[in-house]
2 protein chains.
Amino acid sequence: MIEKIPEKPAVAERIPAALRREQILAAASRVFGERGYSGATTDQVAQAAGISQPYVVRMFGTKENLFLEVLQRALDKLDISFRAVLAEPVPEGLEREEFLAPRLGAAYVDLIEDKGILMSLMQAFITGHDPVIGAKARSGFLSIYRLLREEAGFEAEQTADFLAHGMLMNTLLALRLPDLYQEDDAACELLTAALGTKLDLVLHVSTAPENRS
Amino acid sequence: MIEKIPEKPAVAERIPAALRREQILAAASRVFGERGYSGATTDQVAQAAGISQPYVVRMFGTKENLFLEVLQRALDKLDISFRAVLAEPVPEGLEREEFLAPRLGAAYVDLIEDKGILMSLMQAFITGHDPVIGAKARSGFLSIYRLLREEAGFEAEQTADFLAHGMLMNTLLALRLPDLYQEDDAACELLTAALGTKLDLVLHVSTAPENRS
DNA sequence: TCGACTTGTAATCATTCAATTACAACCTAA
DNA sequence: TTAGGTTGTAATTGAATGATTACAAGTCGA
């Protein structure tokens, strides 16, 4: 009763380059988000995308270029997500900014579902020493700041608070603190305080079987 | 009038191993703090310490081991710094926790002066995927959390706020946002909001001529 | 159906880098 | 002084990895 397992075709299915490109970017987002720019290899990205390493390199030219595209996409998705909230009508009896703060926070946390987005951003932020990636990371971060400050109408102080909690969330995720949720009381308590009602969102994502290496 | 420049002795000065060890750890703290675990090379650490690469490896066995020692030292210094504040007498007319919050915040910011400490911690936090480094980073982070929660008497919510602003500071430093302080209004404003009176501390440190590579 | 284009891989190269080996120079106690 | 331990490097190695080249297999319009 042993079935023939056609699991690993030597040659990947042939699909349009544009679509393959999206697959690679999605895979790269996860891999770079986990290991960082220098910790990730183009071969890991290729395997995650189900194709060969040379194909990854040929499609994006260089590893740096691939990372820059991953970063740009993450910034774009964050921007789109925030602007969608900004476009929502403000309920009666509420100040605009008073309504926006929790909604934007929730929108940010919801981005966890894509997994790679927030982690890739965080990995880029921490690569500030790199002349190319660092420059892009800085300008991207400042774009987010200006969006909150000018479009959402936050005060400087309020914006810093908002970003601070975002960075805490990113750090806890990168730390893989959710892995300790069951065993450690402090981890459980901190995650609850940092994520509130959105906690279950995190627990599903990180219990995934990606614990290798 | 050209003097003989004995700048680079082929062989480093001979000093006791224990002292050399401290030099290497200090150098490694800066290098790892800048480039991260996988982005840094043992040769970069060796050059920063003014010795040869094999000596670095022999003294610490492996690069991983060296990073773990750097991480442990950073955690120790943070712990010592916080406990020094906890030992301070509380001024009359103030609740203990009400007094501690700003003092602990100031103590944290003051750690910037060592430069490597906060950045090495942040680099470790973001290496949560690594089985060895990740485990140590998680337990270290939770130790800090427990210190604030149990020894300082913070509420869970308050602790999260405190850590959030710490992580924002770390991120802004890793991003090298202070490099844009002169040119960019938003960067200036955000740094002011995040660092307050301690802003000048950062501007001195990061204007250092370490922009290569 | 044939020729050009697209989508993919195998093989390989050159570099980087952690780690090892072998050795040199220095110090110090007997 | 000299033997043994300490502090250091030069040279090298082996593995990892980004990138290149050459080629195969599929697709599609004329």
Side-chain angles (χ1 to χ4, degrees), chain A residues 6-28 31-32 34-70 127 129-133 212-213, chain B residues 6-28 31-32 34-70 127 129-133 212-213:
Chain A
E7 205 76 77
K8 300 226 173 180
V11 174
E13 187 193 6
R14 204 182 148 97
I15 64 175
L19 182 54
R20 184 66 80 189
R21 195 182 171 81
E22 295 306 308
Q23 290 182 350
I24 298 177
L25 283 169
V31 174
F32 280 130
E34 266 211 358
R35 338 274 287 220
Y37 173 64
S38 47
T41 71
T42 54
D43 192 57
Q44 287 166 347
V45 172
Q47 287 191 332
I51 57 171
S52 68
Q53 181 261 348
Y55 199 9
V56 171
V57 173
R58 198 181 51 187
M59 186 161 287
F60 291 91
T62 65
K63 179 184 171 183
E64 182 180 80
N65 230 312
L66 173 57
F67 187 84
L68 289 173
E69 287 220 35
V70 166
T127 314
H129 63 91
D130 182 284
V132 179
I133 295 173
R212 318 141 193 157
S213 178
Chain B
E7 205 79 75
K8 299 225 172 178
V11 174
E13 187 193 4
R14 205 182 147 98
I15 64 175
L19 183 53
R20 184 66 79 191
R21 196 183 169 80
E22 294 307 307
Q23 290 181 350
I24 298 176
L25 282 169
V31 174
F32 279 131
E34 265 211 357
R35 338 273 288 218
Y37 174 63
S38 48
T41 72
T42 55
D43 192 58
Q44 287 165 347
V45 172
Q47 287 190 333
I51 57 172
S52 68
Q53 181 260 348
Y55 197 9
V56 171
V57 173
R58 199 181 51 188
M59 186 160 286
F60 291 91
T62 64
K63 178 184 171 184
E64 181 180 80
N65 231 312
L66 174 56
F67 187 84
L68 288 173
E69 287 219 36
V70 165
T127 315
H129 63 92
D130 182 284
V132 179
I133 294 174
R212 318 140 192 155
S213 176

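Per chain, numbering begins at 1; letters A, B, ... match sequence-line order. These numbers come from a predicted model, not from an experiment.
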Side chains of Glu34(B) and Gln44(B): closer than 4.5 Å at any heavy-atom pair?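 No, too far: nothing below the 4.5 Å cut-off.
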
Less than 4.5 Å apart, side chain to side chain, heavy atoms only: is that true for Ile15(B) and Gln23(B)?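 With C-beta onward as the side chain, the pair touches.
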
Rounding to a whole Å, what distance do you find between [X]:[atom1] and [N]:[atom2]?
X        : N       : atom1 : atom2 : answer
Ile15(A) : dT7(C)  : CD1   : P     : 9 Å
Phe32(A) : dG18(D) : CZ    : C1'   : 11 Å
Met59(A) : dA19(D) : CE    : P     : 15 Å
Leu66(A) : dT17(D) : CG    : C1'   : 15 Å
Ile51(B) : dA10(D) : CD1   : P     : 12 Å
Phe60(A) : dT7(C)  : CZ    : P     : 13 Å
Gln23(B) : dG8(D)  : CD    : C1'   : 13 Å
Phe67(A) : dG18(D) : CZ    : P     : 14 Å

For the [atom1] atom of [X] and the [atom2] atom of [Y], what is their distance to the nearest 0.5 Å?
X        : Y         : atom1 : atom2 : result
Leu68(A) : Thr62(A)  : CG    : OG1   : 7.5 Å
Leu25(B) : Met59(B)  : CG    : CE    : 9.5 Å
Tyr37(B) : Ile133(B) : OH    : CD1   : 5.0 Å
Ile24(A) : Glu69(A)  : CD1   : CD    : 10.5 Å
Glu13(A) : Ile51(A)  : CD    : CD1   : 12.5 Å

Give each protein N/O atom lying under 3.5 Å from an N/O atom of nucleotides 16-18 of chain C, with the pair distance.
from	atom 1	to	atom 2	distance (Å)
dA18(C)	OP1	Ala40(B)	O	3.4
dA18(C)	OP1	Lys63(B)	NZ	3.2
dA18(C)	OP2	Thr42(B)	N	2.8
dA18(C)	OP2	Thr42(B)	OG1	2.8

Below 3.5 Å is the cut-off: list the nitrogen or oxygen pairs between protein and nucleotides 21-26 of chain D, distance only.
from	atom 1	to	atom 2	distance (Å)
dG26(D)	N2	Arg14(A)	NH2	3.3
dG26(D)	N3	Arg14(A)	NH2	3.4

Which heavy-atom pair separates Arg35(B) from Ser38(A) by the least distance, and what is that distance?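 Heavy atoms of Arg35(B) and Ser38(A) come nearest at O-OG, 4.4 Å.
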
Please report the closest heavy-atom contact between Val45(A) and Ala27(A), naming both atoms and the distance.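 Scanning both residues, the minimum pair turns out to be O-CB, 3.9 Å.
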
Does Tyr55(B) place a side-chain N or O at less than 4.0 Å from the phosphate oxygens OP1/OP2 of dT9(D)?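 Answer is no, no contact under 4.0 Å.
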
